[in-house]
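These notes concern the structure reproduced below.
Every heavy atom of this structure was used, including side-chain atoms; hydrogens, water molecules and symmetry mates were not.
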Amino acid sequence: MDELLAQFILEARELVQAAIDDLFALEAEPGDKGRIDSAFRAVHTLKGSVGLFDLPALHSALHAAEDNLGRVRSGTASLDVSQIDAIVAVLEWIDRCVDDLEAHGAVSPQRLEQAGDVQAALRGDPTVIAATAGEAASTDWAMALAARIGGEARVALRYRPHPECFFGGDDPIALIARIPGLSHLSIEPGQPWPAPELLDPFRSNLLFEALSTAPPSDVEAIFRLVPDQVKIVPLGAPSASASEPLDAGPGSAGADGTRGLRVDPARIDMLLDLVGELMTAKNGMAGLAAMAGAIPGAAELARSIVSTQQDLDRLSGALYGGILQTRMVPLAHAFHRLPRMVRDLSRRLGKPTHLQIEGDTIEADKTIVDELFEPLLHLVRNAMDHGIEAAEERLALGKPALAKLSLRVLAEGDHIVVSLSDDGRGIDPAAIRAAALRNGLVSAERATLLDDRDTLDLLFAAGFSTATIVSDLSGRGVGLDAVRADVTRLGGTVGITSRVGHGTTTLLRLPISFAMTQLLVVSVGGERYGVPMPAVLETVRVKQEAVSAIRDNRAFVLRDRTIALLSLSELLGLPETVPVEEMTVLVLELGGQRIGIIIDAITERIETVTRPLTGLLTGVRGIGGSTVLGNGQVLLVLDIAELVG
Amino acid sequence: MSVALDGDAIVLTGTCGVEEAETLFALVQGNRGTPVDITGAEWVHTALWQVMLALSPAIRGEPSNPFIRQWLLPLVSGSARQ
């Protein structure tokens, strides 16, 4: 199967599932903004992916679903149960289309016929949902026909021309005559023939049934202008020809076999979790060595423990590195769908564009590469939609008609830098400022203080969109905020630079893999959380009387600097703990400011692998990732900046 | 005229377009028992086939078009040439 299609199938399933999960959660809790955003984004991305293939019916159904969700999101429509059902029906229909694609490489025509019905439900006609579910039975005639006639037919066709079709210039038999490999044809009256004198020679009352040995797609092509009048049912092709397009091609599996093993990524993840636990267990050796050192006369024992600990350090470090290596894949995996998309957009937008890719052999962790695709998709669309000018406009400006979009990857130590540059019109900071003001993202006085770089950064704010028209591309305010959220979750940063008239560059800086991190395990309100050590400047004990109240806030003085004091239990929405005489405070630096975070106690320091959150936890505010403790417990790792901000 | 009454038959010749369905209908209706001769027909529009299917006149002759010979003739002849 086409690799693009294979990837689309995988991704579409995930996105359908994610959106359905969100919608079901919304059924229980209709006001959940995060869920609405997330469902909208999933449908939006799915629509974008569908756009890469020639599947207009799927695209338009998703577009309609996205519109409905968009109205809910902007507050102009509510999401009642029938609306949720309708959107879920679209998604389930898409899922079945994906099944078809996987099984036959094309969506079956009778499935495509349901597109109108699932869309009608979106417009508020719930009765048709059930109708589409029972649609499968309507292919019985095809099976019966094939069984009756026999032969090697690959496709059955039932064609009921519209009664008025002769007026439209249709000649149904001329279409039938074009069917290649025709092996059966019958013509029956649609309704019983009337008395001869009542016959209207200009109204069609014909029903054609035919069988053909040609590929279903060839037959579909003939009837593409009358899709509503024809039912085309693939009959399960002769096995030899059916398996042909599904196989990856001669020798490809064998070639893989000699190059290396194909391992389920889940197995590698399991090893990675285990090695994380091993690290934690190993960390216990330090305490053991200290204990032995404290026993009189056990200096020898203490020394051997320390030496064993050092061996374990070295070995577990090497093991961890080795496992991470197996997860490294070239960035090309995230890029390979982009050229096709750029080509497609070039045509649709009338903006001939050449995409140049450099450095795609550089490798990074599979999760990072996989997750990079979606942000890149948004960025490429933004560039094509808003950045690059139409060919005529470019010529008028003295630029070459062929626009250039370049995607470059550079390795920088343990980071990769992915840059996407276009040579389009650039972004005018003044326009951004104006739009931000209009949307209430910044106050008037703050707007005047923003320099150009800060202004461009506003593009990443949630809900920002400078697009004046809703196109079927980007520009619906989903986009750069989602890009930043994705990149941040992966432990990276994103920034944008632009020169008016010359183009825009977006820089993504991402870690190559998920490195070992030192965590401080803190307890608060009976729960334990991890805080990344690099964020913590120091831990101090602060007496209650040293805390002064400044309006609603609290602060204390540390070495002549006033430090704002926040309570972690309050930030996490946990019940406030009983004030103690002396508090344990983590001092952190956030955006150039020092703050103190009150915790109950520090439990331990560990060195472990922190992974970005997946699944349901992805949207949880203030949680940056998770790690597995030695005892199998999952420890949530806090993102203090997000928690405080 | 590619649909015309000619002696003992209603004769279709050349390409018979949709606009001739009315003529054929009137001729078949008005001349019951008169066969339709399609020997010289190159292509016959669906609307005319519908008239022949609905009114079942006898069909005469074999046109050169292989599709008509193989697929349509058996369908109209089946009911008419008994």
Side-chain angles (χ1 to χ4, degrees), chain A residues 145 149 151 153 156-214 219 222-223 225-226 229-230, chain B residues 1-5 10 12 14-36 38 41-59 62-81:
Chain A
L145 182 63
I149 308 300
L157 168 133
R158 187 175 245 186
Y159 175 27
R160 190 191 295 274
H162 192 274
E164 307 290 332
C165 75
F166 297 156
F167 292 103
D170 287 2
D171 185 356
I173 290 179
L175 289 182
I176 299 273
R178 287 172 51 204
I179 298 176
L182 191 68
S183 60
H184 165 77
L185 175 68
S186 71
I187 308 177
E188 300 292 334
Q191 306 288 325
W193 293 119
E197 64 275 14
L198 295 177
L199 182 76
D200 180 346
F202 292 121
R203 282 176 69 84
S204 173
N205 178 34
L206 297 170
L207 172 65
F208 300 88
E209 283 186 354
L211 291 173
S212 156
T213 55
V219 178
I222 295 166
F223 292 91
L225 295 178
V226 290
Q229 300 166 33
V230 68
Chain B
M1 281 283 276
S2 48
V3 176
L5 186 62
I10 300 161
L12 306 191
T15 301
C16 306
V18 61
E19 66 284 353
E20 284 163 309
E22 184 94 75
T23 315
L24 179 65
F25 175 60
L27 287 175
V28 175
Q29 266 291 83
N31 302 274
R32 281 300 187 169
T34 307
V36 176
I38 59 170
E42 282 159 22
W43 185 251
V44 179
H45 190 274
T46 307
L48 281 73
W49 288 111
Q50 178 172 262
V51 169
M52 291 185 263
L53 283 162
L55 304 184
S56 311
I59 305 293
E62 290 216 350
S64 57
N65 183 306
F67 180 81
I68 296 180
R69 278 220 308 268
Q70 187 184 349
W71 294 108
L72 299 178
L73 220 46
L75 294 175
V76 284
S77 316
S79 55
R81 283 185 172 175

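- Only the backbone of B:Glu19 comes within less than 4.5 Å of a heavy atom in chain A; its side chain stays farther off.
- B:Leu12 places a side-chain heavy atom less than 4.5 Å from the side chain of B:Leu24.
- B:Gln29 touches chain A through its side chain: at least one heavy atom from C-beta onward sits under 4.5 Å away, while N, CA, C and O do not.
- The shortest distance between side-chain heavy atoms of B:Pro63 and B:Arg69 falls below 4.5 Å.
- More than 12 heavy-atom neighbours from other residues, nucleotides or ligands sit within 6.0 angstrom of CD on A:Glu197.
- Chosen from A:Ile176, A:Leu206, A:Asp200, A:Ile187, the residue pairing most often with chain B at heavy-atom distances under 4.5 Å is A:Leu206.
- In terms of heavy-atom pairs under 4.5 angstrom with chain A, the leader among B:Ala21, B:Gly17, B:Ala54 is B:Ala54.
- By number of non-hydrogen pairs under 4.5 angstrom with chain A, the leading residue of B:Phe25, B:Trp71, B:Trp49 is B:Trp71.
- In this structure, chain B has no heavy atom under 4.5 Å from any part of A:Pro189.
- At a 4.5 Å heavy-atom cutoff, the contact between A:Asn205 and chain B is made by backbone and side-chain atoms alike.
- Contact check for B:Trp43 versus A:Asp171: side-chain heavy atoms found under the 4.5 Å cut-off.
- Side-chain contact between B:Leu48 and B:Val3: present, with at least one pair of heavy atoms (C-beta onward) separated by less than 4.5 Å.
- Considering only heavy atoms from C-beta on, A:Tyr159 comes within 4.5 Å of A:Gln229 through its side chain.
- By number of non-hydrogen pairs under 4.5 angstrom with chain B, the leading residue of A:Pro161, A:Ser204, A:Ser186, A:Gly169 is A:Ser204.
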